[in-house]
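This report refers to the structure that appears directly beneath it.
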There are 2 protein chains.
Amino acid sequence: MPYSYEYPRAALTVDCVVFGLDDEELKIMLIQRGQPPFEGSWALPGGFVHLEETLEEAARRELEEETGLHKVFLEQLYTFGAVDRDPRERVVSVAYYALVKLSDHKVQAATDARDAAWFGVHDVPTLAFDHAEILQMALDRLRGKLRYQPIGFELLPKKFTLSQLQHLYELVLERELDKRNFRKKVLGMDLLIETDEVEQDVAHRAARLYRFDERKYRRLAKAGFNFEL
Amino acid sequence: MPYSYEYPRAALTVDCVVFGLDDEELKIMLIQRGQPPFEGSWALPGGFVHLEETLEEAARRELEEETGLHKVFLEQLYTFGAVDRDPRERVVSVAYYALVKLSDHKVQAATDARDAAWFGVHDVPTLAFDHAEILQMALDRLRGKLRYQPIGFELLPKKFTLSQLQHLYELVLERELDKRNFRKKVLGMDLLIETDEVEQDVAHRAARLYRFDERKYRRLAKAGFNFEL
DNA sequence: ATTCTTAGTGTTGATTTGACACTAAGTCAA
DNA sequence: TTGACTTAGTGTCAAATCAACACTAAGAAT
């Protein structure tokens, strides 16, 4: 036991709530634990923070290691420090939430990990530790954030239709939105670039594809703009 | 060195940004460091997390020990984990922000601590560690939160005038508000109880005193209400 | 050619917002 | 005791925003 300190120290971990958007549902990625405690239970991907990496770096590393995901949208959520949240010893966990374009990553999640899987947010099994609480908070945060920041694009492919975008908002916010009002508002923000492409292989009129103008968004966000939907 | 671990561990601390409302300014409490590193510098109150206390308990304990403040509004802000934020070793700090009724606590801060003092948020000295960054984030958060949650009452005495409340909003949001519109909106939320008292010892017409209806707020907040100002 | 499905598009009434100025009450000083 | 001073307290209107609402257009499938 080579690392000694004058006072006892909590272990420090990161946990990630990874959201992805299926055609039909908002999903989160879970991994099945291979060791005790909670062996066999599903849990959020995560692990110990190394001394030479920041918290966010730790979260990204664990995400890559355990789920193959990388270059995703990632933001700190909350830090969980209940004394007994881990039965072994004191563990404080900094939780992050991630938004991934499922369309890009579908393959990996399927091949990579026999112990990683996507679950619909309304169909999540019992989770290890206090991960249910973390998940709940992540959902609340995602909903809150979506209302006033154009964060939803992170869940869609680079090019998407307005209907997809609306569908995403409806899934996350759990209420129906009026198509015309939604389009009016979202186009009015002036952050979408109309491409000259339309969706392919659909059995009906094909919708126009749009891109999110991330540069413009960054500029305006820095200037303290508001993007309430 | 009695505490040994298989892998190296970061030290875990809490830091608190304590806001108080002077008649003229929004203030924060700082303490002057007595030891290196940054000896003599001003810093946010804070300290190490003990193993048998939650993060919030640690924050409250440190607050009480270092500044004499207790039973204040306290909420987690963000966790700071840059690798070099402390020159000695890896230290991860969970930051909280607190809102205190300066009117209640003025005495204590004056007597208690020769090394604790209030500074106007626009007149803060150079801070130790990354505390300037923490402060900035706390300010942003306070501003953001004030817009859609009736959190400002935590900075005022139990009974206050509408002008005081407006003044507080103006100080925090850093813009002037229209008196009539402000009163309309704030009374319209229906969270203020008109008392039968008026302010005392003022050299002009005395204003009515109001109380914040915390019970009602809690009920409505739980029901998912919105209190955008 | 007909049917089916989703894309795409404007108007209107209701509500909310923001700008704006005067009277009321009380203290103070001459 | 009166007049001056200071802050409390109050309503209207025009502009902007929001929410409700239904039809035509395009393309695929039969």
Side-chain angles (χ1 to χ4, degrees), chain A residues 21-24 146-150 156-157 159-171 173-212 224-229, chain B residues 21-24 146-150 156-157 159-171 173-212 224-229:
Chain A
L21 187 72
D22 196 313
D23 280 346
E24 282 312 313
L146 202 61
R147 279 209 194 83
Y148 60 93
Q149 274 183 36
L156 293 176
K159 296 173 184 174
F160 51 86
T161 70
L162 293 183
S163 292
Q164 283 178 291
L165 185 62
Q166 179 176 349
H167 189 204
L168 152 62
Y169 272 76
E170 290 178 335
L171 280 177
L173 300 181
E174 292 184 312
R175 63 189 166 97
E176 299 204 334
L177 301 171
D178 178 83
K179 179 157 66 157
R180 277 171 295 187
N181 292 337
F182 180 81
R183 289 161 110 90
K184 218 184 306 168
K185 207 177 258 183
V186 87
L187 290 175
M189 296 194 320
D190 213 33
L191 287 176
L192 293 187
I193 299 171
E194 186 174 332
T195 70
D196 52 2
E197 298 166 68
V198 294
E199 56 181 342
Q200 300 297 321
D201 304 317
V202 286
H204 52 78
R205 176 177 176 179
R208 170 123 289 140
L209 292 173
Y210 290 82
R211 291 190 295 112
F212 174 52
F225 244 80
N226 233 19
F227 295 98
E228 188 164 341
L229 176 106
Chain B
L21 187 72
D22 196 313
D23 281 346
E24 284 312 314
L146 202 61
R147 280 209 193 82
Y148 61 92
Q149 276 182 35
L156 293 177
K159 296 173 183 174
F160 51 85
T161 70
L162 294 182
S163 292
Q164 282 179 292
L165 185 62
Q166 179 176 347
H167 189 204
L168 153 62
Y169 271 77
E170 290 178 335
L171 280 177
L173 300 180
E174 292 183 313
R175 65 191 165 94
E176 299 203 336
L177 301 172
D178 178 83
K179 179 159 63 158
R180 278 171 294 189
N181 292 338
F182 180 82
R183 289 160 110 90
K184 220 183 309 168
K185 205 178 258 180
V186 87
L187 289 176
M189 295 193 321
D190 214 33
L191 286 177
L192 293 188
I193 299 172
E194 186 174 331
T195 71
D196 53 2
E197 298 166 67
V198 295
E199 56 180 342
Q200 300 297 319
D201 304 317
V202 286
H204 52 78
R205 176 177 177 179
R208 170 122 288 139
L209 292 172
Y210 290 81
R211 289 190 296 113
F212 174 52
F225 245 79
N226 234 18
F227 295 98
E228 188 165 342
L229 176 106

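Chain A is the first sequence line, chain B the second, and so forth, proteins listed ahead of strands; every chain is numbered from 1.
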Give the B/S/- string for nucleotides 21-30 of chain D, one per nucleotide from 5' to 3', where a protein heavy atom under 4.0 Å of the base yields B, of only the sugar-phosphate yields S, and otherwise -.
BB--BBSS--
Atom CZ of A:Phe182 and atom P of C:dA7: how far apart are they, to the nearest Å?
12 Å
Take B:Val198 and B:Leu209 through the test side-chain contact (heavy atoms from CB on, under 4.5 Å) and record every step on the way to the result.
CA-CA 5 Å; B:Val198 295; B:Leu209 292 172; 5.6 Å; no
If you draw a 6.0 Å radius around CZ in B:Arg208, do more than 12 non-hydrogen atoms from other residues or ligands fall strictly inside?
yes
What's the CD-P distance between B:Glu199 and D:dG9, to the nearest Å?
8 Å
For B:Gln200 and C:dG26, what is the distance between atoms CD and P respectively, to the nearest whole Å?
12 Å
Could you state the CG-P distance from B:Leu209 to D:dA8, rounded to the nearest angstrom?
11 Å
Judged by each residue's nearest nucleotide on DNA chain D, which is more toward the 5′ side, B:Tyr210 or A:Lys185?
B:Tyr210
Closest heavy-atom pair, B:Pro150 versus B:Tyr169, reported as atoms and distance to 0.1 Å, is CA-OH, 4.4 Å
Kindly give the heavy-atom pair with the smallest separation between A:Glu199 and A:Ala206, and that separation in Å.
O-CB, 3.3 Å
Looking at every non-hydrogen atom in both residues, tell me the closest pair between A:Leu162 and A:Tyr210 and how far apart they are.
CG-CE1, 3.6 Å
What is the distance, rounded to the nearest whole Å, between atom CD of B:Gln166 and atom C1' of D:dA8?
12 Å
Taking atom CZ of A:Phe225 as the centre, does the number of heavy atoms from other residues, nucleotides or ligands within less than 6.0 Å exceed 12?
no
Rounded to whole Å, CG of B:Leu177 lies from C1' of C:dC20 at a distance of 15 Å
Whole-Å distance separating the CZ atom of B:Arg183 from the P atom of C:dA19:
18 Å
Between A:Ser163 and C:dT6, is there a side-chain N or O to OP1/OP2 distance below 4.0 Å?
no
What's the CD-P distance between B:Glu170 and D:dT7, to the nearest Å?
13 Å
